[in-house]
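When reading the values below, keep in mind they use all heavy atoms of this one structure, side chains included, and skip hydrogens, waters and symmetry mates. As the structure lists them, so they are numbered: ligands from 1, and atoms in each ligand from 1.
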Amino acid sequence: MRIGFIGLGAMGYPMARHLAKEHEVIVWNRTREKAEKHSRDHKTKLAGDLADTAAADVIITMLPTSREVDEIVDKLMPGVRRGTLWIDATSGDPNVSRRTAERLAAKGVAFADAPVTGAVVGAENATLTIMIGGSPEDFERARDVLRLCGKTIIHVGAIGSGHAIKVLTNSIMGATVWITAECLLLAKQLGIDLKTALAVTNAGSGRSNASENLLPMRLVDRKWPLVFKLAHHDKDIRIAMSLAHQQHASTPLLALTSQLFTASLHELGDQADYIEVAKIVARMNGTEW
Ligand code: NDP
């Protein structure tokens, strides 16, 4: 199969590498050097121009937001072929995705939203969880391709539902990281050793990915790697909030989480990692992390 892959960022770069094990993958990236390196190192084909990716059975986008995806759709629209499947792996906005899908459908191109979770390590090891929105037939087509990148692939529902559940699950994670940082730093202020506070939390009902994996490395080992940009996480929570508004749903904790993450982004800048929100929690308490 011929796949056009657009967006070789932290996630897209390794995903395109896995796909090249079974398919002819044509890669395009805004910063061309990354695509050149990819084609050299992983036997993919360098797109001479963005338009080259349109001559494919499957087009995959892995970009920051639905806005960039739509810009690419605009540019490729004249060259897309009837029968192509467009898989958008971006953590996008379901409302935008549905409109994009309609535009593509007018050209005979099918669309599935297929955001992923599992972080860069999951993309590197092809162990991502992938949540897909689209018709049952398009789900099957997408799964057949994306199985090379992920371990768990779930059909969520109609177009847009993959994007919806992605931003909701990331919102759960955001709120969990924040409250866990608050309570651990409060324990420290109370004179409890952080390692002890973590040991108790992880042996009890406060346990989560935040307490087991994400926060110990930062708060105890004082390592703050960039694994997922706060800017992306803030975007996901803002999309979740917009969906809540749309449904006239009462989600006060989601609203507060969104406000806290947006404030943190303004404080920390767009190159910060999402777990650095724990630094803001510390600052709000005049304490150290
Ligand atoms: P990166 O910031 O690492 O990469 C973004 C990619 O998009 C780069 O290839 C970049 O090109 C390209 N890009 C940015 N702006 C434009 C534009 N205007 N036109 C064309 N290309 C553009 O992002 P990630 O790979 O981390 O994330 C991608 C998506 O995956 C996001 O939606 C994110 O929320 C989601 N995600 C990320 C995870 C993670 O742990 N990182 C985990 C799960 C989901 P260039 O190289 O030129 O900058």
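Applying the salt bridge (Lys or Arg N to Asp or Glu O under 4.0 Å) rule to Arg218 yields the partners Asp273; only residues at least two apart in sequence or on another chain are considered. The side chain to side chain donor-acceptor pair (under 3.5 Å) test applied to Ser171 returns no partner, not counting sequence neighbours.
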Evaluate salt bridge (charged side-chain N to carboxylate O under 4.0 Å, His left out) for Lys279 paired with Glu267, printing each intermediate quantity in order.
CA-CA 10 Å; Lys279 293 181 178 176; Glu267 279 291 310; over 6 Å; no
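For Phe5 and His38, the ring centers are positioned 6.0 Å apart or more.
Within the structure, every pair that satisfies the ring pair (Phe, Tyr, Trp, His ring centres under 6.0 Å) test and touches residues 126-161, not counting sequence neighbours, is listed here: Phe139-His155.
Contacts of ligand 1 (protein heavy-atom distance under 4.0 Å) are Gly7, Leu8, Gly9, Ala10, Met11, Asn29, Arg30, Thr31, Lys34, Met62, Leu63, Pro64, Glu68, Glu71, Thr90, Ser91, Val116, Ala119, Val120, Lys166, Val227, Phe228, Lys229, His232, Lys235.
Ion pair Asp74/Arg103 flagged as a salt bridge, since at least one NZ, NE, NH1 or NH2 atom sits closer than 4.0 Å to an Asp/Glu carboxylate oxygen.
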